[in-house]
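Down below is the structure, laid out as structure tokens.
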Amino acid sequence: MTEELSAREISRMYRDYINPDLARVMRITGLGSVEDHAQGCWVWDNNGQKYLDMAGGYGVFCVGHSHPHVIEAIEKQLKKISLSSKLFFTEAQAKLAKKLAEITPGDLQYTFFCNSGTEAVEGALKIARLVTNRITFVAMNNAFHGKSTGGLAVSGRPNYRVPFEPLMPEVRHIPFGDIKALEEAVDDTVAAVIVEPVQGEGGIHVAPEGYLQAIRRVCDEHSTLFIADEVQTGFGRTGKMFAVEHWNVCPDILLVAKALSGGVIPIGAFIGTPKVWSAFKGRPLIHTSTFGGSPLACTAGLATLEVYEQEDLCHKSATSGAYLKEGLDRLALKYPDLIVEARGLGLLLGIETVKEEYAGAIISEMARRHIMAVYTLNQPKVIRFEPSLNIKREELDLCLQSLDESLAKTREMFKEK
Ligand code: PLP
């Protein structure tokens, strides 16, 4: 970059060269600033203003922004080799795959590395088809699995799906949490059931007690695979390393992305059992990725997992999550005319507002108070809170204080209308 541009100029360039409507939406949601640098839970704009990041990149910044341990590791790696030649073995990839086999539940063992959540979904759907020799999937209403065509086919919001139909055929959508609907939908033709243990973009819905165990049982009865999409819930977000551990179940394929590389470089992966990996037998190149598993991304992944151990981040997520949830519950009681309820697990929390327009107003008021918050993609009535897992108590208090003020202001605004 040669010259520094103002926020106005950059916003105009978004309008003229990227996406005019997106530029408009970004301006009216209240921030409209240009990010300059970030550290821990804080982001600075190019005017030197700082913002508390309670959106956490929708699950990316579990260790915080620019964690020094991750940065140091990738700076070292950058000087050696960053992307793979693909003809040699990559040490960091081998080490990260072994580490993932150690920390994931049950007999999950093999990892395929890619670069995003939706790529992990695509790969898992393909492998499930290969290994079962079936083409039907069962997915959840309201689910979010990304915006590639396979990811969209199993996602649950018609707004995003319908304009691209026909998508992958033979997807049966069922209500999330409904065991009877699950039992009716899964039969011997179903390759896999795909589910998020906590629906993130769907509005922060935690799987009801017994639901994931029921999926495991029904899948076993029909030799169907269980795919757990932990792209957002993975790596401590819900207070355990993986959300499925809350219910002691083990999927056949686990999908991860977002937090794995410490918020520094894109990564995604799907991890499967030896049985699932038989799909690659005799055809190791049936599914590939040029950039997936690069030395740089895998080095970031290894350093990130070291931070989890050094800082006990899963435990912090559980305790800070409980503290924040208590605060959100208090505000839900104080503002019953604005908030339906607070819900979530660990530091994947949300408040459901009574009306979509309240959520927009609250988010704008919080932005004015320099708190970054955002609604969930499939449910704009829900404002999510998913900050870094090492967020401090005083930062959580600051968020709650600003939310309280924003709710009071929103109540006033709508009373006047
Ligand atoms: N799966 C889940 C559960 C997600 O929350 C997301 C993104 O929010 C995705 C898949 C898609 O990930 P990406 O945006 O990296 O493609």
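All ligand and atom numbering here is 1-based and tracks the order in the structure.
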Can you name the atoms of ligand 1, numbered from 1 with element, that are less than 4.0 Å from a heavy atom of [X]?
X	value
D229	1 (N), 2 (C), 3 (C), 10 (C)
E201	8 (O)
E196	3 (C)
G146	9 (C), 10 (C), 11 (C)

Checklist entry - With ring centroids as reference points, do Y110 and F280 lie under 6.0 angstrom apart? => result no
Next on the checklist: Just checking F112 against H287, ring centres under 6.0 Å apart?
Outcome noted: yes
Strictly below 4.0 Å, N to O, side chains only: are [X] and [Y] in salt-bridge contact?
X	Y	value
E91	K95	yes
K126	E122	no
D187	R172	yes
R217	E183	yes
E201	R384	yes

Sub-3.5 Å N/O-N/O distance, [X] and ligand 1:
X	result
G117	yes
T118	yes
E119	no

Checklist entry - Nearest protein heavy atom to atom 5 (O) of ligand 1, by residue and atom, and its distance? => result Q232 NE2, 2.8 Å
Checklist entry - Among protein heavy atoms, which lies nearest atom 9 (C) of ligand 1, and at what distance? => result V231 CG1, 3.8 Å
Checklist entry - Does K258 come within less than 4.0 Å of ligand 1, judged by its heavy atoms? => result yes
Item to check | 4.0 Å heavy-atom contact, Y58 with ligand 1 | outcome: no
Item to check | Greater than 12 external heavy atoms within 6.0 Å of R8's CZ | outcome: no
Item to check | 4.0 Å protein heavy-atom contact status of atom 1 (N) of ligand 1, strictly under | outcome: yes
